[in-house]
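Taking it in order: structure first as structure tokens, then the write-up.
Both backbone and side-chain heavy atoms feed into the values below; hydrogens, waters and symmetry mates do not. Because the structure is predicted, anything quoted here is derived from the model rather than measured.
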Amino acid sequence: MAKEAILKIKEAENQSAEILKKASDEARDLLRDAQEKADAKKKANLDGIRKDRAALLEAAEATAKEQCRPIIDAGNAEIQAILHPSNDKVEAAVKLVIERIVNVSGNR
């Protein structure tokens with residue numbers, strides 16, 4: 001009878017060890033699955049954030065270009081005015097130069 005009791009205790013210990021091993025394996029599998037899901041969700045969130053950031057940056061650049069356009073156009077108009085002066089301005093400049101040369105040379 002004592003031998004049977006010891007065998008039953010041994011059998012119970014073996015079963016509990018097996019149950020603990022299965023529980024440990026399941027816990028490890030659950031943890032791994034949870035980590036994989038968390039990593040996938042994190043990656044999806046980062047991808048979404050990157051897309052949003054790119055869209056916002058593109059919109060900001062478009063707005064900035066739109067706001068700068070009048071300034072750039074005015075600057076280009078001034079450049080063209082300097083590179084291609086009107087005949088009136090050229091004649092006025094020539095008269096001014098001649099007048100200064102004549103006045104400086106004539107007063108010596």
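Annotation: Glu36, atom CD; neighbour count of heavy atoms from other residues, nucleotides and ligands within 6.0 Å is above 12.
For Ile98, the side-chain contact (heavy atoms from CB on, under 4.5 Å) partners two or more places apart in sequence, or in a different chain, are Val94, Val102. Residues passing the salt bridge (charged side-chain N to carboxylate O under 4.0 Å, His left out) test with Lys43, sequence neighbours excluded: Asp47.
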Show every donor-acceptor pair shorter than 3.5 Å between a side-chain atom in residues 58-65 and any protein atom, with sequence neighbours excluded, or say none if there are none.
| unit_1 | atom_1 | unit_2 | atom_2 | d |
| --- | --- | --- | --- | --- |
| Thr63 | OG1 | Ala59 | O | 3.0 |

Which atom pairs, donor and acceptor, lie under 3.5 Å between side-chain atoms of residues 66-81 and protein residues at least two apart or in another chain?
| unit_1 | atom_1 | unit_2 | atom_2 | d |
| --- | --- | --- | --- | --- |
| Arg69 | NH1 | Asp73 | OD1 | 3.4 |
| Asn76 | ND2 | Ile72 | O | 3.4 |

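Between Lys22 and Glu18 there is a salt bridge, since a side-chain N of the basic residue sits under 4.0 Å from a carboxylate O of the acidic one.
Considering CG of Leu57 and CG of Asp52, their distance stands at 12.5 Å, rounded to 0.5 Å.
The list of side-chain hydrogen bond (donor to acceptor under 3.5 Å, both in side chains) pairs with a residue in residues 23-35, not counting sequence neighbours, reads Lys21-Asp25, Asp25-Arg28, Asp29-Arg32, Gln35-Asp39. Screening residues 6-17 for side-chain hydrogen bond (donor to acceptor under 3.5 Å, both in side chains) gives no qualifying pairs among residues at least two apart or on separate chains.
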